[in-house]
Amino acid sequence: MFKVTENIFYIGVDDTDIDLFEGQYAVPNGVSYNSYICKDKKIAVFDTVDSRKTAQWLKNLETALNGKQPDYLIISHMEPDHASSIPAFLDRYPSASVVGNEKTFIIAERFFRDAKFKKLTVKDGDKLDLGKHRITFHFAPMVHWPEVMFSYDEADKVLFTADAFGKFGALSHKEDWLDEARRYYINIVGKYGISVQAILKKVGALDVKTICPLHGPVLKDDISHYVGKYSIWSSYTPEEDGVFIAYASIYGNTEKAAKELCSKLLKRGIKAETADLARCDPSQAVANAFKYSKLVIASVTCDGGILPCAEAFINKLKAKSFQNRTVGFIQNGSWCPVSAKVMRTAFESFKNIAFCNSAVTVNSAMNEEAEKQLSALAEELSE
């Protein structure tokens, strides 16, 4: 527990035992489940935590209450990593009102069919007076669930943002916000850029001094930096001018071509990095593809198509609405290379994709002709 402002406290918990977030994203440094409490004439708790950590959270809450009773439990987001401790909260504090919107309670009743809710249903723009602190609710549908809402405390200028502005990593693990926030955003919220743009515009007029997300650190310094990153990510704008080269290789020859292209780009002063799609963290590969302005995928031809890891990567990009990028291909094949055609066909269904004119074909292993083609592709990507 720590102080956010004079009357607002963090009462969340770290989960360093979890290996996969949402059953699919590797979190080697764990994750935090954030919850907050505002102590005024009326006491409001902001969200609960995953049931994995209910007991620890209830202890934090009890310490913060110091013998008092909470009046409200405000639910920003009904996903179980934030809401599955609601029944335990209500068992201990049955007089508290649960604050949410109509969609909040529709989903809550699906998760907790037997739970008794003392409901306070709010509409977009409604206010909740706690005393000195007055909370305004700003609906943020599809960021990234339909019931999501932000809460703004006018007194301390604190914005509670549900999953927005969150990141992977437990709070006990100190690291820079950007990389894990990008990986979190692209993979969790990335598909819903239009919705994120809408809420950014909606709360843009607010004077925000502090952002309290449901994962990751409380953000206080240079709020414009964090909002700026979200504006870039949610508009599908490349964050950096550079090239991400993702390869799927069997015997190392396709890998060699991918790394040779990277070397040629770096020598030209172009930012570039590679990733082995068979071995890297898929969520990191997707985040890196969004980070850069250009993407090259290299895959060997296999069974008349591409390697499964390359196919899965392309499918993940499509699911996250990858767009506004330049894409190139490197193909390999010993007798009938068709992987470039297969990959290009897949990307033709994406929005606003420009394709490189230079084609690279590796027939089994690198040779002089493949080297020339790589140089031509590097030159085109450098322009």
Side-chain angles (χ1 to χ4, degrees), residues 176 178-180 182-183 186 229 232-233 236-301 306-307 309-310 313-314 316-317 322-334 337-344 346-347 350 352-383:
D176 184 65
L178 183 58
D179 286 344
E180 285 294 72
R182 181 193 300 110
R183 184 167 74 97
I186 297 301
K229 289 298 181 183
I232 290 170
W233 297 337
Y236 304 101
T237 302
E239 193 176 345
E240 293 188 24
D241 187 18
V243 185
F244 179 55
I245 307 165
Y247 63 86
S249 188
I250 295 178
Y251 294 110
N253 294 298
T254 306
E255 176 183 9
K256 184 176 180 180
K259 290 186 174 180
E260 179 64 22
L261 175 62
C262 186
S263 177
K264 290 178 181 294
L265 290 168
L266 292 173
K267 287 178 181 178
R268 287 172 166 79
I270 304 300
K271 287 184 178 181
E273 62 177 292
T274 64
D276 181 351
L277 292 174
R279 295 174 175 82
C280 70
D281 177 352
S283 67
Q284 187 62 64
V286 170
N288 285 347
F290 274 83
K291 177 181 177 181
Y292 291 111
S293 58
K294 297 164 187 174
L295 169 68
V296 173
I297 308 182
S299 177
V300 66
T301 300
I306 58 180
L307 285 186
C309 60
F313 174 63
I314 293 172
K316 287 179 183 293
L317 292 178
F322 185 80
Q323 57 188 276
N324 302 329
R325 304 297 195 279
T326 297
V327 179
F329 308 105
I330 299 172
Q331 66 177 355
N332 194 349
S334 293
V338 297
S339 51
K341 179 181 179 181
V342 171
M343 291 187 288
R344 177 166 180 145
F347 274 95
F350 287 39
N352 302 324
I353 297 296
F355 294 104
C356 292
N357 294 316
S358 303
V360 178
T361 297
V362 179
N363 287 126
S364 300
M366 286 291 294
N367 56 24
E368 186 175 346
E369 179 58 28
E371 189 72 38
K372 289 180 181 178
Q373 292 174 6
L374 280 175
S375 294
L377 179 57
E379 185 64 29
E380 183 176 355
L381 291 167
S382 301
E383 293 174 354

Can Ser339 and Ser299 be counted as having a side-chain donor-acceptor contact under 3.5 angstrom?
no
Polar side chain donor-acceptor pair, Glu371 to Asn367, under 3.5 angstrom:
no
Search all heavy atoms of [X] against all heavy atoms of [Y] and return the closest pair with its distance.
X	Y	result
Ala258	Ala298	CB-CB, 4.4 Å
Leu381	Lys294	O-NZ, 2.6 Å
Asn363	Pro337	ND2-CG, 3.9 Å
Ser382	Arg268	OG-CD, 3.0 Å
Cys280	Ala285	SG-CB, 3.9 Å
Cys262	Thr274	CB-CG2, 3.6 Å

Evaluate the side chain to side chain contact (heavy atoms under 4.5 Å, CB included) criterion for residues Glu380 and Asn357: first the C-alpha distance (whole Å), next the side-chain angles of each, then the deciding distance (0.1 Å), finally the verdict.
CA-CA 8 Å; Glu380 183 176 355; Asn357 294 316; 3.8 Å; yes
Check against side chain to side chain contact (heavy atoms under 4.5 Å, CB included), Val362 and Thr254:
CA-CA 7 Å; Val362 179; Thr254 306; 5.9 Å; no
So, applying side chain to side chain contact (heavy atoms under 4.5 Å, CB included) with Ile330, which one of Val300, Thr361, Leu377, Ile297 is it?
Leu377
How many angstroms lie between atom [atom1] of [X] and atom [atom2] of [Y], to the nearest 0.5 angstrom?
X	Y	atom1	atom2	result
Thr301	Leu307	OG1	CG	9.0 Å
Glu240	Tyr292	CD	OH	5.5 Å
Ile250	Glu255	CD1	CD	12.5 Å
Ile245	Leu261	CD1	CG	4.0 Å
Lys372	Ser358	NZ	OG	14.0 Å
Leu374	Glu369	CG	CD	10.5 Å

For side chain to side chain contact (heavy atoms under 4.5 Å, CB included), just list the numbers for Glu273 and Asn288, CA-CA rounded to whole Å, side-chain angles, deciding distance to a tenth of an Å, and then say yes or no.
CA-CA 9 Å; Glu273 62 177 292; Asn288 285 347; 3.6 Å; yes
Could you tell me whether the side chain of [Y] reaches within less than 4.5 Å of the side chain of [X], counting heavy atoms only?
X	Y	value
Val243	Leu295	no
Ile306	Phe313	no
Cys356	Thr326	yes

Considering residues, nucleotides and ligands other than Lys271, do more than 12 of their heavy atoms fall under 6.0 Å from its NZ?
no
Count the heavy atoms belonging to other residues, nucleotides or ligands that lie under 6.0 Å from CZ of Phe355, then report whether that count exceeds 12.
yes
Test side chain to side chain contact (heavy atoms under 4.5 Å, CB included) applied to Tyr247 and Asn332, step by step:
CA-CA 11 Å; Tyr247 63 86; Asn332 194 349; over 6 Å; no
Check the orientation of Tyr236 and Phe290. Use parallel for under 30°, tilted for 30 to 60°, and perpendicular for over 60°.
tilted
Students often mix this up, so state it plainly: with edges at 30° and 60°, are the rings of Phe329 and Phe347 parallel, tilted or perpendicular?
tilted
SB check Glu260 Lys256 (cutoff 4.0 Å):
no
Do Lys264 and Glu379 meet the salt-bridge criterion of a basic N to acidic O distance under 4.0 Å?
no
Of Arg325, Lys291, Lys229, which is the lone residue that meets salt bridge (Lys or Arg N to Asp or Glu O under 4.0 Å) with Glu239?
Lys229
